[in-house]
Amino acid sequence: MGNWWTFLGAWAFDPAVYVSLGMVAGLYAWATRTVSARHPDTPWSGIKSAYFLSGIVLLWIVLQGPIGVFDDTFFWAHMVQHILLVMVCAPLLLLGAPVLLILRVSSPELRRHWLVPLLRSRLAGAVANPVTTWLVFVGVMVGTHFTPFYELALEHPNLHRFVEHPLYLGAALLYFYPLLPGNLATPKVAPAWRVLSLFLLMVPETMTGFFIYASPFVMYPFYAQVHRPFGLDALADQQLGGALMWAGSMLIDAGWVALAAHAWLRSEEAKGRRLDAVLASELKAHPHA
């Protein structure tokens with residue numbers, strides 16, 4: 001029990017994290033107030049703000065809380081951190097519709113001459129293509145775990161802080177951007193493709209976790225050498241981390257698949273109602289047809 005209290009009581013203070021998250025949260029709050037003041041009839045959604053700020057708070061917890069403190073001591077903590085970064089924090093931030101907020105708070109000239117043309121450009125369409133974003137996300141996830149990059153990031157804290165974390169979060173933001181509602185993706189992704197993309201994401205996620213779990217040797221020598229104040233040995237720690245990635249990512253992704261499937265069914269129901277309305281109006285216009 002004492003080990004758990006030691007773990008839960010460990011918090012870090014990284015000025016770069018606090019300043020960065022504080023600035024992002026402050027700018028978002030300023031933009032929401034500005035939009036609501038300019039357009040009192042259509043104020044900014046409080047639900048979107050709650051999503052975004054929840055993502056910021058969760059980012060702060062996973063980077064500065066116990067998981068962040070022990071991510072270079074226990075592999076399982078590192079895995080939990082990565083799963084939360086890419087599968088929970090990134091989607092929460094995007095459900096806050098930050099790009100839409102930037103458009104609404106910007107001046108008409110800035111929107112007309114720069115932002116809208118950029119969002120409608122071929123480059124933006126190629127970058128936000130769901131196939132491209134899926135490949136980038138999977139490439140980052142698989143590539144970092146099965147190349148020397150992971151060990152290098154463990155040995156160099158600044159690489160871990162300023163490259164690995166932004167890389168994971170950036171790849172996840174890019175992946176989820178065209179899939180979640182409220183984001184201005186061009187072209188629009190059909191609901192069926194959203195479900196398929198999220199479902200297919202389970203394969204590389206779970207296989208990565210499974211291969212790490214099944215490895216008979218310690219894949220990252222750093223964890224075999226680091227001082228462990230408590231907990232499992234390096235190989236058992238690695239197996240636990242692999243199992244968490246294997247099962248945890250599958251469960252979280254299944255939740256996103258369920259939400260996407262629900263949205264798909266609602267869109268089909270809406271199409272059916274529109275079709276019924278068209279047929280009803282035609283029958284009313286031509287009662288003897």
Side-chain angles (χ1 to χ4, degrees), residues 3-4 6-18 20-21 24 54-94 137-138 140-147 149-176 201 204-206 208-213 218-220 222-223 226-232 234 236-253 255-256:
N3 290 341
W4 277 108
T6 301
F7 177 81
L8 295 174
W11 287 76
F13 179 78
D14 185 342
V17 173
Y18 277 77
S20 300
L21 295 183
V24 172
S54 296
I56 292 292
V57 170
L58 186 58
L59 268 175
W60 169 66
I61 291 172
V62 300
L63 294 176
Q64 299 295 280
I67 292 171
V69 172
F70 287 100
D71 61 356
D72 289 339
T73 303
F74 299 110
F75 179 75
W76 70 263
H78 212 141
M79 284 298 95
V80 170
Q81 183 184 66
H82 287 176
I83 292 169
L84 291 176
L85 276 175
V86 302
M87 299 302 296
V88 183
C89 292
L92 283 175
L93 293 174
L94 289 173
F137 185 78
V138 171
V140 167
M141 179 175 56
V142 176
T144 55
H145 286 96
F146 297 112
T147 66
F149 176 85
Y150 201 97
E151 180 72 12
L152 198 63
L154 290 170
E155 295 172 354
H156 298 83
N158 285 335
L159 184 64
H160 184 191
R161 292 165 59 208
F162 298 117
V163 177
E164 187 180 47
H165 287 161
L167 184 64
Y168 274 92
L169 184 61
L173 289 170
L174 189 65
Y175 171 71
F176 280 103
L201 190 64
E205 284 180 329
T206 55
T208 298
F210 172 77
F211 284 129
I212 293 173
Y213 167 79
V218 176
M219 295 174 58
Y220 312 108
F222 180 90
Y223 284 114
V226 71
H227 170 66
R228 294 170 178 272
F230 54 86
L232 307 169
D237 175 28
Q238 179 176 288
Q239 291 170 340
L240 176 59
L244 287 170
M245 184 176 186
W246 179 8
S249 60
M250 180 184 290
L251 289 173
I252 296 173
D253 201 18
W256 290 117

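Throughout, residue positions are numbered sequentially from 1 according to the sequence presented.
The closest side-chain heavy-atom distance from Val86 to Phe176 is not below 4.5 Å. Contact annotation: the side chain of Glu164 approaches that of Phe149 to within less than 4.5 Å [non-hydrogen atoms, C-beta and beyond]. By the 4.5 Å heavy-atom criterion applied to side chains, Val226 and Leu154 are not counted as neighbours. The shortest side-chain heavy-atom distance between His165 and Asp71 falls under the 4.5 Å cut-off. Side-chain contact check for Pro204 versus Phe137: every heavy-atom pair is 4.5 Å or farther apart.
For the pair Ala153 and His160, the tightest heavy-atom approach, listed with the atom from each and the gap, is O-CB, 3.3 Å. The minimum heavy-atom distance between Arg228 and Thr73, with the atom names listed, is NH1-O, 3.7 Å. Contact detail for Leu92 and Gly55: the closest heavy-atom pair is CB-CA, 3.8 Å. Contact record, Ala16 with Phe162: CB-CE2, 4.0 Å, taken as the closest heavy-atom pair. Looking at every heavy atom in both residues, Tyr18 comes nearest to Ala12 through OH-O, 3.6 Å. A pairwise comparison of heavy atoms in Ser249 and Glu205 identifies OG-CB, 3.7 Å as the closest pair.
A ring-centre distance under 6.0 Å is found for Trp76 and Phe7. Tyr150 has its ring centre less than 6.0 Å from the ring centre of His78.
Side-chain atoms of Glu151 come within 3.5 Å of backbone N or O of Phe222 as a donor-acceptor pair. At least one donor-acceptor pair closer than 3.5 Å links the side chain of Thr144 to the backbone N or O of Met141. Counting only distance, with no hydrogens or angles, the side chain of Asp237 and the backbone of Leu232 share no donor-acceptor pair below 3.5 Å.
Here the options are Phe230, Tyr220, Tyr223, the test is ring pair (Phe, Tyr, Trp, His ring centres under 6.0 Å), and the partner is Phe74; only Phe230 passes.
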For Tyr175 and Leu201, what are the C-alpha separation, side-chain angles and deciding distance, and is it a side chain to side chain contact (heavy atoms under 4.5 Å, CB included)? CA-CA 10 Å; Tyr175 171 71; Leu201 190 64; 3.6 Å; yes
For Gln64 and Leu59: C-alpha separation, side-chain torsions, deciding distance, then whether side chain to side chain contact (heavy atoms under 4.5 Å, CB included) applies. CA-CA 8 Å; Gln64 299 295 280; Leu59 268 175; over 6 Å; no
Would Val62 and Val88 satisfy side chain to side chain contact (heavy atoms under 4.5 Å, CB included), going step by step from the backbone distance to the final call? CA-CA 11 Å; Val62 300; Val88 183; over 6 Å; no
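Note that CE of Met250 is 11.5 Å distant from CE of Met87, once rounded to the nearest 0.5 Å. To the nearest 0.5 Å, atom CG of residue Leu167 and atom CG of residue Leu159 are 9.5 Å apart. Rounded to the nearest 0.5 angstrom, Leu63 CG and Leu85 CG are separated by 5.5 Å. In this structure, CD1 in Ile61 is found 9.5 Å from CG in Leu84, a value given to the nearest 0.5 Å. Annotation: the span from Met79 atom CE to Ile67 atom CD1 amounts to 12.0 Å, rounded to 0.5 Å. Here the straight-line distance linking atom CG of Leu21 with atom CG of Leu58 works out to 10.5 Å at 0.5 Å rounding.
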